[in-house]
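Okay, so here's the structure we're looking at.
Letters go in sequence order (proteins before strands), and every chain restarts at 1.
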Amino acid sequence: MTVSWRDVARKDFEDAVRSRLLWGLTAVFVAFLTMSLLSAEQLFPEPVTVDAAMALSGVAMLAQLFVPGIALAVGYTAVVGERRSGSLRVLLSYPFSRGEVVAGKFAGRLLVTGTALTIGFAAASVLVVALYGVPDAATFVGFVAVGVLLGLTFTALAVGGSAAASTRGRARTLTIGSFVGMVFFWKPVVVGIYYAVTGSLPGVRAESWYFLLKRLNPLEAYRVVAGAVLDERVDAVPEFPLEDVPANAPAETLELSNRLAGEVPFYLADWFSVVVLLAWGLVPVLAGYRLFEDADLG
Amino acid sequence: MTAIRTTDLTKRFGDVVAVDGLDLRVREGEVFGFLGPNGAGKSTTIDMLLDYVRPTDGTATVLGMDVREDSEALRERVGVLPDGIGLYDRLTGRRHLEFAIEWTDAADDPDAILDRVGLDDRDAARSVGDYSKGMQQRLALGMALVGDPDLLVLDEPSSGLDPHGIRRMRDLVREEAERGTTVFFSSHILGQVEAVCDRVGILADGALVAVDTVEGLRKTVGAGSELRLRVTEDPGVDIAAIDGVELVRSADGFLRVACSDPRAKARVVTRLTTAGVEILDVDSDDASLEDVFTAYTTNGGVGNTESEASVPVEEVVP
């Protein structure tokens, strides 16, 4: 009978539950969902009757910024915080391996993020019903599941960065920097690559690899999956009009199947974006663990 | 059997050599004092034994287990009070002990441990965030004692403790040693090590400069004991020539006579009295280990102890 990552996770969650951070973030998340649901109608340019799915797509647009924000705030100090405060030295004086510490921290922070998001989404569901009528159950469950998946993905990024970094500042730069990169620079960079390779901006029709590169961004993956679940378009925030596409192009023209020359390849199917999200939920933690495993924790 | 054995253990951080080819043997069951000034490499050595820091070169075993390969297994049998620790501010003292008991798979009673380190029920119920540095240190010491470890590693255990806490810590070390626990204990303050250690190792600039018993170290340095005499005036007597007298210094109306032979003290007093010098007070002391320590850890080395006088004194020219 020895110790395991579960012991670390339990300690971590117990510690976090006593922290104002968790409850503060949960409160902020609930407030955010409430506000965005109340104002969902204003998110649509034309005066249309907003149904539950449309309202949720408005929430998804804002959630793509908010959910990662919460996950990063919860996770980026997970390992490095203990490393700097010296409590890691106490923890590691017991028979834990470093792998168990990272795994336990990851599990603990997943529980924390998961708790905050579950409470937030539960409150949101009450509002959705009150404001926009009962949504299709499968749609709503799917919407919540994708939101939670996004939260878990960014928790992984946060914990991975936290394990990789030797100071809190570096962990912050690494994790929040990655997020900022995904929000602001991913698409411009991909468009730039496309321009460098083909000599023109991506138009209504474009090469399939262009769409793949775009969808490797976990935020784009979230937009794709959430859009598919709601059967509504989920726009990027902020949106960069870099493609050579007429501003008033009808939604139908912008359907992916209409922008590709041939069949939609498997890697552009909606399910592949779930794989992308899951991969982002694993790779950063593994990379962070590798660096942590070899680090001097003096 | 050896509790700790390092072979050519070396750690470099960039250009800085923190530990330089250390060969250390700590016997099972002994209390070993690991001494050295701040920055000598004590904590880095301990960090390597616990696998917090990876050696650049060399190997180390603890309780016969390789510190890298068998780190988890060896940490099951070692209790550690690391230097520069932090605890979990939001958890209570009692919860910390409960976790420690769980993690070591031990059957200890938290109350018994609290009692041993001098924390009461009220303290235990408080969050550690409200603890003073000394209380945190006591709690961490308690956590190290959980599970009756075979080896206790204490890195600067007295930091933050008041004199009472230091005494209690010393008693705990003795108790543990009596139960057969090996204690490896680092400090930059000699007074704390002297009283409890079977042997002492002195580390300077990452290398061991001496390993011996406290008594043995004193002998090596040659400082037997010191006689302090309060006199009214400069005696003008040739004391330094007396058999067994090593060095004579005078400052602020005190004559300080270092003797390699305790019998020389009586000769000095007799000689002064015979010469009609009025002696106001007599005091005698074993050479402080502080002197020994200074001798080893400053660049002069053992041979030059006499020139290493750190207090402004002038030599008496008879």
Side-chain angles (χ1 to χ4, degrees), chain A residues 1-24 74 77-105 108-109 112 163 166-168 290-298, chain B residues 11-14 18-19 41 43-56 70-92 95-96 98-106 127-129 136 139-140 143-144 146-147 149 152-155:
Chain A
M1 162 63 226
T2 52
V3 294
S4 79
W5 60 272
R6 280 185 220 93
D7 295 287
V8 179
R10 204 150 62 84
K11 192 279 301 165
D12 197 50
F13 187 68
E14 201 177 313
D15 198 15
V17 166
R18 284 175 172 68
S19 126
R20 280 187 216 104
L21 178 73
L22 170 63
W23 302 113
V74 165
T77 57
V79 180
V80 81
E82 286 217 24
R83 186 165 164 183
R84 300 312 297 181
S85 78
S87 56
L88 189 62
R89 299 168 73 82
V90 174
L91 192 59
L92 278 175
S93 76
Y94 297 93
F96 295 106
S97 71
R98 294 190 187 187
E100 282 163 349
V101 169
V102 174
K105 282 283 173 181
R109 299 296 153 127
V112 174
S166 57
T167 66
R168 282 194 183 91
R290 286 300 299 272
L291 288 167
F292 182 67
E293 179 64 46
D294 294 334
D296 281 338
L297 308 174
Chain B
K11 180 62 188 181
R12 277 186 285 273
F13 293 105
V19 176
S43 285
T44 305
T45 305
I46 290 174
D47 284 352
M48 285 191 280
L49 297 180
L50 299 171
D51 198 35
Y52 296 164
V53 164
R54 272 64 189 265
T56 315
D70 314 314
S71 179
E72 285 118 67
L74 83 82
R75 279 183 277 132
E76 283 179 14
R77 295 178 52 198
V78 178
V80 187
L81 174 61
D83 185 31
I85 54 149
L87 296 169
Y88 301 105
D89 286 353
R90 290 183 290 268
L91 301 178
T92 63
R95 197 74 190 110
H96 276 79
E98 286 168 358
F99 275 128
I101 290 166
E102 234 170 83
W103 294 341
T104 37
D105 206 14
S127 302
V128 165
Q136 291 203 22
L139 178 60
M143 290 174 74
V146 166
L152 205 50
V153 175
L154 311 173
D155 197 356

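Taking all atoms of both residues into account, the shortest heavy-atom contact from B:L87 to B:V128 is CB-CG1, 3.6 Å. Here the shortest heavy-atom pairing between A:V112 and A:A16 reads CG2-CB, 3.6 Å. Smallest separation of non-hydrogen atoms from B:D155 and B:S43: OD2-OG, 2.8 Å.
Neither the backbone nor the side chain of B:A73 has a heavy atom closer than 4.5 Å to any heavy atom of chain A. For a residue to count as touching a neighbouring chain, one of its non-hydrogen atoms must lie under 4.5 Å from one of that chain's; by this rule A:S4 does not touch chain B. Contact annotation for B:M48: neither backbone nor side-chain heavy atoms come within less than 4.5 Å of a heavy atom of chain A. Of the two parts of B:R77, neither the backbone nor the side chain holds a non-hydrogen atom closer than 4.5 Å to a non-hydrogen atom of chain A.
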Got a list of side-chain donor-acceptor pairs under 3.5 Å for residues 290-298 of chain A, not counting sequence neighbours?
{"residue": "A:E293", "atom": "OE1", "partner": "A:Y289", "partner atom": "OH", "Å": "2.9"}
{"residue": "A:D296", "atom": "OD1", "partner": "B:R54", "partner atom": "N", "Å": "2.9"}
{"residue": "A:D296", "atom": "OD2", "partner": "B:K11", "partner atom": "NZ", "Å": "2.6"}

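In terms of non-hydrogen atom pairs under 4.5 Å with chain B, the most contact-rich of A:V17, A:V90, A:D15, A:L91 is A:D15. Counting heavy-atom pairs under 4.5 Å between each of B:H96, B:E72, B:R90 and chain A puts B:R90 at the top. Comparing A:E100, A:R84, A:E14, A:E82 by heavy-atom pairs within less than 4.5 Å of chain B, the highest count is held by A:E14.
With sequence neighbours excluded, no residue satisfies ring pair (Phe, Tyr, Trp, His ring centres under 6.0 Å) with B:Y52.
How far OG of A:S93 is from CG of B:D51: 13.0 Å, rounded to the nearest 0.5 Å.
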